[in-house]
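Comments concern the structure below.
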Protein chains: 2
Amino acid sequence: MNLETRTMGVTKTQHFTGEQNRLAALAKALGHPARIAILQHLLKQQTCICGDLVSELPLAQATVSQHLKELKAVGLIKGTVEGTSVCYCIDKQNWEEARDMFLQLFSSPVSCQDNCC
Amino acid sequence: MNLETRTMGVTKTQHFTGEQNRLAALAKALGHPARIAILQHLLKQQTCICGDLVSELPLAQATVSQHLKELKAVGLIKGTVEGTSVCYCIDKQNWEEARDMFLQLFSSPVSCQDNCC
DNA sequence: TAAATTCATCGCAATACTACGATAAAGCCA
DNA sequence: TGGCTTTATCGTAGTATTGCGATGAATTTA
């Protein structure tokens with residue numbers, strides 16, 4: 001029987017490295033097609049796009065706002081109030097950090113072949 | 001009022017492209033530090049590692065098995081039964097597909113600067 | 001000031017995820 | 001065969017995620 005504080009349903013982040021947790025958090029933020037679509041749209045636009053993301057996406061305004069919040073929470077995007085509307089764009093610095101971390105993960109050679117195991 | 005079939009709490013995958021859904025699914029699989037740790041361990045080993053992943057990770061055997069199942073479900077790893085134990089390793093083909101998809105996402109230039117919006 | 005626009009947040013409903021003990025299934029070894 | 005090892009699956013508990021209508025806050029416009 002486990003007598004330490006039981007926190008069910010919660011990721012045990014304490015037991016992993018900061019890098020592992022950070023990469024996982026970034027991946028998690030990318031882990032929804034709507035958020036992928038948002039990022040792709042922000043990348044495609046030369047200038048920063050505001051809330052017309054809502055009309056681009058097949059989701060209600062409240063839902064889009066929530067996805068934007070999550071992307072903002074991990075730092076992949078940032079938003080600036082511009083009058084009545086809000087201008088969202090990729091956060092270049094964190095975006096490049098994310099790119100580097102994924103790059104590093106995928107840079108290792110895969111030794112496992114078809115007959116490996 | 002929305003009278004179409006209401007499926008609450010479920011991602012609306014139908015409304016996104018196959019690529020967006022695939023990339024999101026791969027990212028989601030990477031979205032947990034334990035699964036990052038598993039993949040890093042499998043990448044580090046020259047030969048395929050079996051269930052001693054359990055002793056490497058700070059999680060119960062059932063939990064590790066569940067994470068392995070998820071990684072297997074998106075195709076990032078594969079397992080082969082070897083006597084009593086199971087040998088897991090990176091699925092080279094799907095791993096490279098994943099790498100290419102993330103690479104493509106991050107390859108777009110970010111035009112947004114500090115004073116962008 | 002009053003109405004309209006834009007967006008965030010709240011609250012709810014339903015599903016998904018995380019974790020683990022218990023148990024089952026499959027193979028090994030004495 | 002009987003026990004042992006290894007791993008998958010089941011069941012359960014708790015938290016997180018997804019989605020959306022309703023509402024609120026901030027700003028613009030009439």
Side-chain angles (χ1 to χ4, degrees), chain A residues 1-16 21 24-25 27-38 49-74 77-88 117, chain B residues 1-16 21 24-25 27-38 49-74 77-88 117:
Chain A
M1 183 60 125
N2 190 348
L3 292 181
E4 57 179 321
T5 326
R6 293 285 289 275
T7 49
M8 303 189 83
V10 175
T11 300
K12 299 172 89 175
T13 47
Q14 332 87 34
H15 296 101
F16 299 98
N21 283 315
K28 196 172 182 180
L30 298 178
H32 193 289
R35 295 195 287 270
I36 294 288
I38 289 172
I49 279 296
C50 314
D52 46 13
L53 279 164
V54 173
S55 41
E56 294 278 336
L57 294 171
L59 296 169
Q61 181 265 323
T63 309
V64 174
S65 190
Q66 203 171 295
H67 284 304
L68 288 168
K69 188 180 177 184
E70 272 179 73
L71 288 171
K72 210 165 135 188
V74 293
I77 66 173
K78 56 184 176 180
T80 315
V81 175
E82 213 161 83
T84 330
S85 55
V86 176
C87 178
Y88 279 104
C117 56
Chain B
M1 183 61 126
N2 189 348
L3 292 181
E4 57 180 319
T5 326
R6 293 285 289 274
T7 48
M8 305 188 86
V10 175
T11 300
K12 297 173 89 177
T13 48
Q14 332 88 36
H15 297 102
F16 299 98
N21 283 315
K28 197 171 184 180
L30 298 178
H32 192 288
R35 294 195 288 270
I36 294 287
I38 288 172
I49 279 295
C50 314
D52 47 12
L53 281 162
V54 173
S55 41
E56 294 278 336
L57 294 171
L59 296 168
Q61 180 265 323
T63 309
V64 174
S65 190
Q66 204 170 295
H67 284 304
L68 288 168
K69 189 180 176 183
E70 272 179 73
L71 288 172
K72 210 164 136 190
V74 293
I77 65 173
K78 57 185 177 180
T80 315
V81 175
E82 213 161 81
T84 330
S85 55
V86 176
C87 178
Y88 280 104
C117 57

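Order of the sequence lines fixes the chain letters, A, B, ..., with proteins taken first and strands second; residue numbering starts at 1 for each chain. Values below: every heavy atom of this structure, side chains too, minus hydrogens, waters and symmetry copies.
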Under 4.0 Å, counting only non-hydrogen atoms across every strand here, what does [X] touch: a base, just sugar-phosphate, or nothing?
X	answer
S85(B)	sugar-phosphate
K72(A)	nothing
T63(A)	base

[X] side, atom [atom1]; [Y] side, atom [atom2] - distance, nearest 0.5 Å:
X	Y	atom1	atom2	answer
L59(B)	K12(A)	CG	NZ	5.5 Å
E70(A)	I38(A)	CD	CD1	9.5 Å
N21(A)	H32(B)	CG	NE2	9.0 Å
K72(B)	K78(B)	NZ	NZ	11.5 Å
Y88(A)	L53(A)	OH	CG	9.0 Å

Identify the two heavy atoms, one from [X] and one from [Y], that lie closest to each other, and give their separation to 0.1 Å.
X	Y	value
A24(A)	P33(B)	CB-N, 3.4 Å
A37(B)	L57(B)	CB-CD2, 3.8 Å
A25(B)	V74(B)	O-CG1, 3.9 Å

How many Å lie between [atom1] on [X] and [atom2] on [N], as a whole number?
X	N	atom1	atom2	answer
L68(A)	dC20(D)	CG	P	14 Å
M8(A)	dA19(C)	CE	C1'	6 Å
L71(A)	dC7(C)	CG	P	16 Å
Q66(A)	dG11(C)	CD	C1'	11 Å
L30(B)	dT18(C)	CG	P	12 Å
E70(A)	dC7(C)	CD	P	19 Å
E82(A)	dT28(D)	CD	C1'	14 Å

Axis deviation across the helix from dT1(C)-dA30(D) to dA30(C)-dT1(D), five-pair ends, to the nearest 10°
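For the helix from dT1(C)-dA30(D) to dA30(C)-dT1(D), the axes at either end differ by 10°.
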Tell me whether the side-chain N/O atoms of [X] come closer than 4.0 Å to OP1 or OP2 in [N].
X	N	value
H67(B)	dA19(C)	yes
K28(A)	dA16(D)	no
K69(B)	dT7(D)	no
Y88(A)	dT6(C)	no
H32(A)	dG19(D)	yes

Sub-4.0 Å heavy-atom contacts from residues 53-61 of chain B onto DNA chain D, ordered by number
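Under 4.0 Å from DNA chain D: Q61(B).
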Between A62(B) and V81(B), just flag the one whose closest nucleotide in DNA chain C comes earlier from the 5' side.
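Result: A62(B).
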So which one's nearest nucleotide on DNA chain C is more toward 5', S65(A) or T84(A)?
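The answer here is T84(A).
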For V10(A) and R35(A), find the nucleotide of DNA chain D closest to each by heavy atoms; which residue's nucleotide sits nearer the 5' end?
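With V10(A) and R35(A) compared, the 5'-side residue is V10(A).
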May I have all residue pairs that pass side-chain hydrogen bond (donor to acceptor under 3.5 Å, both in side chains) and include part of residues 52-67 of chain B, sequence neighbours excluded?
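Those involving residues 52-67 of chain B are R35(B)-H67(B).
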